[in-house]
Amino acid sequence: MTTSGQTRDSLAGRMMRTRAGAPVEWIVSAGLVDYEAAMAAMEARVAAIADGRAGECVWLLEHPPLYTAGTSAHDADLVDATRFPVHQTGRGGQYTYHGPGQRVAYVMLDLKQRTQDLRLFVSALEQWLIATLDGFNIRGERREDRVGVWVRRPDKGIATEDKIAAIGIRVRRWVTFHGISLNVEPDLGHFSGIVPCGVTQHGVTSLVDLGLPITMPEVDDVLRQAFEAHFGPTVVADSGSLLAC
């Protein structure tokens with residue numbers, strides 16, 4: 001299947017399994033997870049999935065405050081290199097911030113069991129986030145010229161919109177990793193140390209900034225429901241299963 005020439009909006013939809021398989025493991029870590037430790041665990045799980053030693057999983061967590069640089073990051077977009085640790089990462093995209101109050105979901109799916117189409121996968125991730133926001137009566141939108149999910153801010157001006165969720169992925173042997181981040185209640189001031197995703201003309205927002213004091217467990221419940229609608233069933237697992245391969 002190819003999606004060359006199609007917009008991501010026209011691709012919006014589900015990315016269910018094309019072959020029978022076990023439910024996707026749904027793992028939620030409590031507390032703040034060290035970034036380097038998370039990367040090591042994710043790399044190990046991706047290798048196990050590719051080798052057929054483990055099943056697909058989605059890992060939800062929060063990190064301590066830090067910046068990450070994707071493969072398209074520009075040095076000039078790192079405004080304050082001394083503010084927080086800066087991690088080079090192999091995911092796509094530019095600079096982004098991770099920290100407390102932001103739900104990060106690392107998505108490890110085997111596209112050989114689904115559809116081997118990266119544009120379709122990114123569109124499905126966006127649609128997952130849009131459906132999650134819709135569960136809180138927020139209209140999230142995609143933009144063809146920039147990845148992520150955006151909300152219009154008429155309270156700030158007619159043409160103003162802010163980013164509420166970011167997407168950055170990598171694929172190895174058709175297994176996906178890295179994933180999404182949704183701003184629930186992070187310190188939005190921490191984004192000022194970078195140019196988020198290289199976009200200067202728009203800002204960032206969060207659920208709380210939009211006037212919705214929603215807890216992380218509430219967000220996780222809606223994320224899971226929306227994920228299952230777009231990618232298929234899940235089963236709760238603990239973080240120990242990440243390395244039990």
Side-chain angles (χ1 to χ4, degrees), residues 1 3 6-29 42 45-46 49 54-62 102-144 147-152 163-171 174-184 205-207 210 212 214-238 241-242:
M1 175 180 178
T3 58
Q6 292 179 270
T7 65
R8 293 198 315 280
D9 200 44
S10 69
L11 297 173
R14 302 177 180 181
M15 200 172 194
M16 299 292 192
R17 281 179 174 274
T18 56
R19 308 179 192 177
V24 177
E25 290 187 11
W26 189 263
I27 302 168
V28 182
S29 288
M42 184 166 55
R45 182 58 180 254
V46 166
I49 294 170
E56 299 175 311
C57 71
V58 175
W59 185 15
L60 278 65
L61 49 75
E62 294 173 81
Q102 182 190 72
R103 176 50 87 210
V104 173
Y106 292 131
V107 182
M108 292 163 264
L109 301 181
D110 185 354
L111 297 190
K112 296 187 302 295
Q113 308 295 323
R114 296 175 182 271
T115 303
Q116 293 172 246
D117 189 311
L118 298 186
R119 293 187 73 242
L120 180 61
F121 177 61
V122 170
S123 177
L125 291 177
E126 290 174 331
Q127 197 61 33
W128 171 29
L129 286 163
I130 289 169
T132 298
L133 292 170
D134 186 62
F136 298 110
N137 295 315
I138 297 172
R139 182 181 177 182
E141 300 178 0
R142 60 169 51 83
R143 295 290 179 262
E144 290 299 327
V147 176
V149 176
W150 304 78
V151 293
R152 302 187 188 214
K163 190 171 192 175
I164 195 168
I167 295 173
I169 66 163
R170 188 174 179 183
V171 178
W174 286 109
V175 178
T176 69
F177 55 121
H178 295 281
I180 64 148
S181 59
L182 174 63
N183 295 332
V184 180
T205 190
S206 68
L207 294 175
L210 293 173
L212 298 170
I214 299 166
T215 67
M216 198 67 78
E218 289 174 317
V219 170
D220 291 347
D221 285 345
V222 179
L223 274 168
R224 187 179 179 190
Q225 293 171 23
F227 180 89
E228 290 185 333
H230 289 82
F231 294 93
T234 64
V235 60
V236 174
D238 61 50
S241 70
L242 282 166

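Every heavy atom of this structure was used, including side-chain atoms; hydrogens, water molecules and symmetry mates were not.
A pairwise comparison of heavy atoms in K163 and G148 identifies CE-CA, 3.9 Å as the closest pair. Shortest non-hydrogen contact noted between M15 and R114 is O-NH1, 2.8 Å. Shortest non-hydrogen contact noted between L210 and V151 is CD1-CG2, 4.3 Å. Scanning all heavy atoms of the two residues, the minimum distance from I27 to C57 falls at CD1-CB, 4.3 Å. For the residue pair A165 and L129, the shortest heavy atom distance occurs at CB-CD1, 3.7 Å. The nearest pair of heavy atoms linking G140 to L133 is CA-CD1, 3.9 Å.
Looking at V149 and L182, their side chains never come closer than 4.5 Å, going by heavy atoms from C-beta outward. Side-chain contact between L111 and D117 is absent, with no heavy atoms from C-beta onward closer than 4.5 Å. At least one side-chain heavy atom of V58 sits under 4.5 Å from a side-chain heavy atom of L60. You'll find the side chain of W59 stays beyond 4.5 Å of the side chain of V104, heavy atoms only.
Without hydrogens or angle criteria, T176 side chain to V107 main chain gives a donor-acceptor distance under 3.5 Å. Judged purely by atom type and a 3.5 angstrom limit, S181 has no side-chain atom pairing as donor or acceptor with the backbone of R103. Judged by distance alone, with hydrogens and angles left aside, the side-chain atoms of S123 form no donor-acceptor pair with the main-chain N or O of R119 at under 3.5 Å. Looking at R14, its side chain never comes within 3.5 Å of a backbone N or O of G232 through a donor-acceptor pair. Within the 3.5 Å criterion, the main-chain N or O of F231 finds no donor-acceptor partner in the side chain of R17. Here the side chain of R139 pairs no donor or acceptor atom with the backbone of R152 at under 3.5 angstrom.
Note that the CD atom of E56 and the CD atom of Q113 stand 7.0 Å from one another [nearest 0.5 Å]. Within the model, atoms CZ of R45 and CE of M108 stand 7.0 Å from one another, a figure rounded to the nearest 0.5 Å. Between the CD atom in Q127 and the OG1 atom in T132 there is a gap of 10.0 Å [rounded to 0.5 Å]. Going from atom CD1 of I214 over to atom CG of L207 covers 4.5 Å, rounded to the nearest 0.5 Å. How far CD1 of I169 is from CG of L125: 6.5 Å, rounded to the nearest 0.5 Å. If you take CH2 on W174 and CD on Q116, they are separated by 5.0 Å, rounding to the nearest 0.5 Å.
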Run W128 and L223 through side chain to side chain contact (heavy atoms under 4.5 Å, CB included) and show every step you take.
CA-CA 8 Å; W128 171 29; L223 274 168; 3.8 Å; yes
Dump the intermediate steps for side chain to side chain contact (heavy atoms under 4.5 Å, CB included) on N183 and T205, then the final yes or no.
CA-CA 7 Å; N183 295 332; T205 190; over 6 Å; no
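Between F227 and W26, the ring planes lie tilted relative to each other; the angle falls in the 30° to 60° range.
Salt-bridge annotation for E141 and R143: present, with a side-chain N of the basic residue lying under 4.0 Å from a carboxylate O of the acidic one.
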